Structures are given as C-alpha cells and as structure tokens.
2 protein chains.
Amino acid sequence: MGAPTADRVAGRLLGEAPAGSAGDRMNQDGSRRGTDDGVMYRRVAADLRDAIADGAYGSGGKLPAEAALAEHYGVSRGTIRQALALLRSNGLVTSRRGTRRVVLGTAPVQSFSELLSFTNWARSVGEEPGAVLDSMVVRPAGDQERERLRLEPDADVYAVLRVRTLSGRPVMIERTVYPVWVGELVARLPVNEVSYTEQLLEHGIVFADADHTIDLAYADADDARLLGCADGTALLRELRHTTDPTGRPLEWSEDRYLPGTVAFTVHNSIAASAFSRLRHAGPAR
Amino acid sequence: MGAPTADRVAGRLLGEAPAGSAGDRMNQDGSRRGTDDGVMYRRVAADLRDAIADGAYGSGGKLPAEAALAEHYGVSRGTIRQALALLRSNGLVTSRRGTRRVVLGTAPVQSFSELLSFTNWARSVGEEPGAVLDSMVVRPAGDQERERLRLEPDADVYAVLRVRTLSGRPVMIERTVYPVWVGELVARLPVNEVSYTEQLLEHGIVFADADHTIDLAYADADDARLLGCADGTALLRELRHTTDPTGRPLEWSEDRYLPGTVAFTVHNSIAASAFSRLRHAGPAR
DNA sequence: AAGTGGTCTAGACCACAGA
DNA sequence: CTGTGGTCTAGACCACTTA
C-alpha cells in the first residue's frame, strides 16, 4: 500500500452545514484524541469522529462525499468506506444511496473495554471504582453453567460474589462464574483487586465478544444486605456472557444495579443491529 | 460481476465440527428461509446463518476459510467478508487473524423492524399484539422535544399515549412524541390501529436508525391505572429516538414495561459495539 | 444528467496462529 | 513454514436522489 504518513490525517475537509448552523467552521488544528493503532481506517474514523464532535459538520449536516474524503486522506474509497462503516455502527452518521451521509449526533466516547469492565466505565464517568470481595468458592458447575461455559460434565467452576462501589457507595452486586482455567488466575489476584478484567488482560486473556441481557430483578436477602437496600427492592439486572476471540467462554455473570445508578444505551440501524427484545423467561440463574 | 444464479447459493461447504459433536452433517437440502433481496452478500449470509442454525458446523466449530467460501459460492473474497461481517455483528461468529472463524451460537431471528415495532416483536414470539389509544394531543414542543426532534422554536408536536397488550393483557405504556409531519399521518390512522410503524411504512416513512436507553422507572398514577398495577411499581423503561435514512427525527418515545414481560438483549464485540453504560441522569422526560 | 452511496471484483501485502 | 483473517487498492457497474 501507499503507507501514508500519520500527518496525512490532519486538516479538515468541510462538508455542508445544516440550515441554521453556519459559521462554526473553526478547528483546523487537526488535534486527535483517538489512538493511533496504525490502521488507516481507524485513524480516518477517529479523525472524522473528532470533527463531528467539534461540530465541523453540524448536527444534521452532510459529510463530504466518499470520493472527496478518499482524496483528502490520500486513501482509497474502500478504506474510507471502512471508516464510515465504523461511524455508522456507532450511530454517528446515516447512509443512504443517492445522498450524502448525514450527521446524527456525537459519539458516546466509550471503548469496548469500558462496556465490559465496571472499573473502566466508572473511570470514564469520573467516579472512583471499588470492589469488595464477599465470597469466592470452587464448586461443581450447575447444568446451566456447564452449558453456557461449554464445560465437561464433571467440571468445576469458580463462583465469585463482589460488591462494586462508586466512590465508596455500593451500587452493584456482581455474581460471576468462571471456568477453572480462568478462575485459577482470578483466585491468585490480590484480595480486593478492583479490576479483574484488567488483570486477566495482562495474563493474555482477551475479552472479544459479549452477549448481554437486561431486565429487572428483585433484591434477595444477600443483595439487600450488601447494597444496603430493602429486601425486594427492584434492581436493574444485566446478565453477561463473554468469550475470547476463539469463541471460548470466559465468564458468565449476573450484575444487579441499584436503581438510578446506571442506564444502558444501544444504537441500532436498519443495516446492522445487535439488539433485540426477548420474551421474559423468568430468573435465568 | 459474474452475476451468479440464485441456485449457486445451495449445497453446503463443511467446516470443522467441534470435539464431541461429530456426526450431524446432514441437511444438504439447501433450503433457505432467508429473503432473496438480490444482494449476493446477504444471500450468502442467510445461507450461512441457516447452516449454523442447522448445526452444520456445531457450536464452537470452525467455519470454512474465506477463500473456500468464496470458491464455494462463486463470489470474491470481498463479498464473503461482507457476509461474515454481518454474522459477526449479529454475534454469530468470532474472527481472529490467524485462525478460522468460530461459531458462537445461533442467531436471534429478529429483523430490524421487530426491534422497533412492538407489533412485530409480539408476533415473533407468538403473542397477539394489541393497542388501546388513551390520548392524542397536539401541543407546543417542550425544550427537550424541540432539541431531540430538531424542531423550529415554535413547532408543535403530536403526543400519543397508548397501552400495549399481549393477548389482551396490558404489558406496556407507550408515550410517543411525533413531529407534526409524522403526527398528521398518525392522526389519520384508524383509532386502535395496532401498528403505527407498519402504517407509516406504507406511507413511505422509513425507520432507519434508533437509539435506545434502558433503565428503571416507577409507575405514576397513569401507569398504575392503565397497567393495572400499584402506584410506584418498578417498571423497565426504554427511551427510544428514531430517525429516517436522511437523519430526520421521526419519533421520540418512552415505553414502560411491566416487570417480567420483556428483556432486552445486546451483542457486542471488540470490533464494533453500539452498546454502552451511562451514568444515570434521572428521569429524562 | 450528474452525483452519491451500494455492491462486487481481483489482486496484493501483512500480522498472527499453529504445526 | 503454511494457512488464516485483516487491511488496502483501483477499478467497475448499478440504484437511487436531486436538480
């Protein structure tokens, strides 16, 4: 390939501002928060994301044509399309045959790790994450656990119960089940280590895919005790199933949040959506 | 391009079954439920989706290499990659450089319209959807509504309140706000028309992008009366903001579900995710 | 009719996994 | 080392929108 230099990604191609928001076309600085992972389409995407965040195209404004972007960045149209697909999947821009792409809004600046890790999420919203280990046991896997973690019939699991805190205030109960090979690593971590995810990452364990189910649950005696709420209080529940890039299950977790501490957001589009409603099937644990 | 005939998409290329699930390699019928929209990569994706659902590769099994798929379907590798990207974004398969793709699970068979439309969702889970119109008014837009629907300062909105039912049982309260140009169409629909979405679609209004926020809310007097629950009952709330392919806002809705009637699922991956947690900011209405 | 995004091709090189 | 998916290119044609 042409191996364009990094500073090829700088400057700003102007699109078309929406009616009623002309005049704010500053920010030619080309500064970029996004990570340079050396992949061109990500750099282009990051640059466009920043431009959109700066309001260079306005909300409801039009992006430059793909051909124009390709020339501007000195890459092929295919690369531009890769970058735009990213923005599209993040709900930043629309696309429709025949017309220019339209800016929908500003990106929620959250990376994949922030989606999985309570710790990273807490930091990203400016709070101090904490964790209190309540219990960690090794026990034979239940039927559901064996199936979900794809384990042998007689396999054990590590079951961990933790209270997660924001700036010292308990907000979530985390019940996580790990297969033995992951659990052994978890067990060796210092007690009250805040982020298992980060530590596991350093052991070469990569969280690659996750399925989440969100519904409502009621606090049991443990929840009430640990969260300091009344027994039977309604909690927002997230069931999470995570695998590594190989498809090997890494964890199966049930998190219960105190109301008012968290909300979940999803974007979907006619092109690609990973969002669906389910008929409620009762407690899945 | 080579314009392959439709029946080029038939037969089945076998991958590699996971340990412990060999022997179920039937289904050479090539039957396909998927829609033939004439786009090759979608046809390939649908075919692979069916193959996966039939267990041809097994859960945890490996897909054939891209090159093999390309030859099998008689298309280029690029097209195969488009198809696989679809499956990936649906959480069906993983992908990692260096190794074959791994089957994660079976697709949730839901289309985009099922995600937006209560009616389609209800049908897809085998229940009879219903709607009872409680009120429909035209009134000046509030500040938030004006911003979210991108309206002029003095614009009106149509505000609709409906009770949604499953087989006659009330399960959800839907408070939707439409800009005038959409609301006028809605107002002309027959009272107790079940699916506004389907009707609007026939008027050429296309729902293309949606943002959802999910959290917990408590039943107010209206909710309690209409859902037949106690005042203050915890409800699962979905805030939804929908736009057409042009980026023009179509609706802004707050839906409140009785607990135990619905759950929301999300898939995300390290590659592309549209899912994020938010710091809770109180009632957004 | 001109412009734009959607789809597809054929080829290239690279980074990484696993034998 | 070989096979695999990840990235990128340069070109082509089509469907749709807008003027």
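In what follows, chains carry the letters A, B, and so on, assigned in the order in which the sequence lines appear, proteins first and then strands, with residues in each chain numbered from 1. Small disclaimer: the values here were computed from a predicted structure and weren't measured.
- Partners of A/T79 under the side chain to side chain contact (heavy atoms under 4.5 Å, CB included) rule, at least two apart in sequence or in another chain, are A/M40, A/Y41, A/V75, A/S76.
- The salt bridge (Lys or Arg N to Asp or Glu O under 4.0 Å) contacts involving residues 199-213 of chain B comprise A/R88-B/D209, where partners must be two or more places apart or lie in separate chains.
- Between B/R100 atom CZ and C/dA19 atom P there is a gap of 13 Å when expressed in whole angstrom units.
- Rounded to whole angstrom, the span from the CZ atom of B/R88 across to the P atom of D/dT7 amounts to 10 Å.
- Judged as a side chain to side chain contact (heavy atoms under 4.5 Å, CB included), and not counting sequence neighbours, A/R97 has no contacts.
- For A/V75, the listed nucleotide lying nearest its side chain is D/dT9; candidates were C/dT9, D/dT9, C/dT7.
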Expected list for residues 178-187 of chain B: side-chain donor-acceptor pairs under 3.5 angstrom, two or more places apart:
none

#### Entry: Evaluation steps, side chain to side chain donor-acceptor pair (under 3.5 Å), between B/T176 and B/E251
CA-CA 7 Å; B/T176 311; B/E251 61 163 7; 4.7 Å; no
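- Heavy atoms of B/R81 sit under 4.0 angstrom from at least one base atom.
- With sequence neighbours excluded, no residue satisfies ring pair (Phe, Tyr, Trp, His ring centres under 6.0 Å) with B/Y158.
- Direction change of the helix axis from one end of the helix from C/dA1-D/dT18 to C/dG18-D/dC1 to the other is 10°, with five pairs defining each end axis (rounded to 10°).
- Partners of B/T99 under the side-chain hydrogen bond (donor to acceptor under 3.5 Å, both in side chains) rule, at least two apart in sequence or in another chain, do not exist in this structure.
- Residues passing the side-chain hydrogen bond (donor to acceptor under 3.5 Å, both in side chains) test with B/R150, sequence neighbours excluded: none.
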What's touching nucleotides 16-19 of chain D from the protein side, N or O pairs under 3.5 Å?
none

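- The distance between atom CD of B/Q82 and atom P of D/dG5, rounded to the nearest whole Å, is 16 Å.
- Base contact: A/R77 has a heavy atom under 4.0 Å from a base atom.
- As rounded to whole Å, 19 Å separates atom P of C/dG3 from atom CZ of A/R101.
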